[in-house]
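Here the structure comes first, spelled out in structure tokens, and everything after it is commentary.
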Amino acid sequence: MTAKIAYDDVEIGTELPARTFPVTRATLVRYAGASGDFNPIHWNERFAKEVGLPDVIAHGMFTMAEAIRVVTDWTGDPAAVVEYGVRFTKPVVVPDDDKGALIEVSAKVAAKLDDNTVRVDLLATSAGQKVLGMSRAVVRLA
């Protein structure tokens, strides 16, 4: 596969379609099984609170993976992402109810680089707080 977005069609400031990703306790259990990360802060409310967290929190790598979906959906090719990094700034707190939490992600092209690549800056928030800092991807376009 190759990216469906052409480098020449993109300008600095181009906004990618924003997405909202729901997260429930069931989502965290499925992710724990798939990733092998069974840390109790991701499923056990009592334990999470004992270690100073407000409640169960989403896995950082899960949050990071959900955020990059904005970019991979835009390009049409996950392999177009050649670099991706974030800083974890706040946890995504996931209450034990029918709603869970939401991760809201927006992104825009911040720089046009060499070799048909662009840098995309992402903004990921949950409950009005920024949950990922310095969230950036370098993407090779068509």
Side-chain angles (χ1 to χ4, degrees), residues 1-45 47-97 99-142:
M1 290 175 71
T2 60
K4 296 177 182 175
I5 305 294
Y7 179 83
D8 292 335
D9 293 341
V10 173
E11 300 298 329
I12 293 173
T14 297
E15 293 186 13
L16 284 60
R19 299 259 327 256
T20 299
F21 302 98
V23 186
T24 64
R25 296 278 179 96
T27 307
L28 300 182
V29 170
R30 287 191 299 274
Y31 182 81
S35 69
D37 182 352
F38 294 101
N39 187 324
I41 64 173
H42 303 304
W43 57 270
N44 184 316
E45 185 174 334
F47 183 84
K49 288 181 176 181
E50 283 176 2
V51 297
L53 295 168
D55 206 332
V56 165
I57 63 170
H59 303 72
M61 296 304 285
F62 172 82
T63 304
M64 188 177 175
E66 290 292 82
I68 197 66
R69 288 176 59 190
V70 167
V71 176
T72 59
D73 288 352
W74 176 65
T75 64
D77 180 10
V81 177
V82 295
E83 216 176 287
Y84 178 44
V86 306
R87 290 180 192 229
F88 301 106
T89 56
K90 297 277 184 186
V92 174
V93 179
V94 183
D96 188 15
D97 60 18
K99 293 188 240 176
L102 296 174
I103 301 170
E104 299 172 305
V105 183
S106 61
K108 67 180 176 179
V109 174
K112 290 186 84 168
L113 309 170
D114 297 330
D115 197 25
N116 282 13
T117 60
V118 297
R119 189 186 86 219
V120 176
D121 290 354
L122 296 93
L123 174 63
T125 62
S126 183
Q129 295 195 334
K130 189 174 179 181
V131 295
L132 298 177
M134 298 295 290
S135 184
R136 296 179 173 172
V138 174
V139 184
R140 180 162 290 110
L141 302 178

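Computation of the quantities below employed the complete heavy-atom set of this structure, encompassing side-chain atoms and omitting hydrogens, waters and symmetry-equivalent molecules. The structure presented is a predicted model; accordingly, all values stated were derived computationally and were not measured.
The closest side-chain heavy-atom distance from V139 to L141 is below 4.5 Å. Here the side chains of V105 and E66 are not in contact, with every heavy-atom distance at 4.5 Å or above.
Sparse packing is recorded around NZ of K90, with 12 or fewer heavy atoms of other residues, nucleotides or ligands lying under 6.0 Å away.
Using a 4.0 Å cut-off between charged nitrogen and carboxylate oxygen, E45 and R25 count as a salt-bridge pair.
Note that OG of S126 and CG of L102 are 7.0 Å apart. Values are rounded to the nearest 0.5 Å. Rounding to the nearest 0.5 angstrom, the gap separating the CG atom in N44 from the NZ atom in K49 is 11.0 Å. If you take CE on M64 and CG on L132, they are separated by 8.0 Å, rounding to the nearest 0.5 Å. A distance of 10.5 Å separates NZ in K112 from OG1 in T117, rounded to the nearest 0.5 Å. Atom OG1 of T125 sits about 10.0 Å away from atom NZ of K130, to the nearest 0.5 Å. M134 contributes atom CE, which lies 5.5 Å from atom CZ of R87 (distance to the nearest 0.5 angstrom).
Nearest heavy atom pair, residue D121 against residue A110, reads OD2-CB, 3.3 Å. Between D37 and N39, the shortest heavy-atom distance links the atoms OD1-N, 3.2 Å. Across all non-hydrogen atoms, the minimal contact from G60 to F88 is O-CE2, 3.1 Å. Contact between A137 and I68 at its shortest, heavy atoms only, is CB-CD1, 3.8 Å. When all heavy atoms are compared, the tightest approach of D55 to P95 is OD2-CA, 3.9 Å. Closest non-hydrogen pair, D8 versus E11, comes out as O-OE2, 4.3 Å.
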Inset, instruction - Could you give me the CA-CA distance, side-chain angles and deciding distance for V109 and L16, then say whether side chain to side chain contact (heavy atoms under 4.5 Å, CB included) is met? - result: CA-CA 8 Å; V109 174; L16 284 60; 4.3 Å; yes
Inset, instruction - Please lay out, stage by stage, how T27 and F62 fare under the test side chain to side chain contact (heavy atoms under 4.5 Å, CB included). - result: CA-CA 10 Å; T27 307; F62 172 82; 3.5 Å; yes
Inset, instruction - Take T72 and R69 through the test side chain to side chain contact (heavy atoms under 4.5 Å, CB included) and record every step on the way to the result. - result: CA-CA 5 Å; T72 59; R69 288 176 59 190; 4.3 Å; yes
Inset, instruction - Would you sort out whether K4 and D77 count as a salt bridge (Lys or Arg N to Asp or Glu O under 4.0 Å), showing the intermediate values? - result: CA-CA 7 Å; K4 296 177 182 175; D77 180 10; over 6 Å; no
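Under a 3.5 Å cut-off, the side chain of W74 and the backbone N or O of P17 do not form any donor-acceptor pair. Listed for the Y84 side chain is no donor-acceptor partner under 3.5 Å among the backbone atoms of A65.
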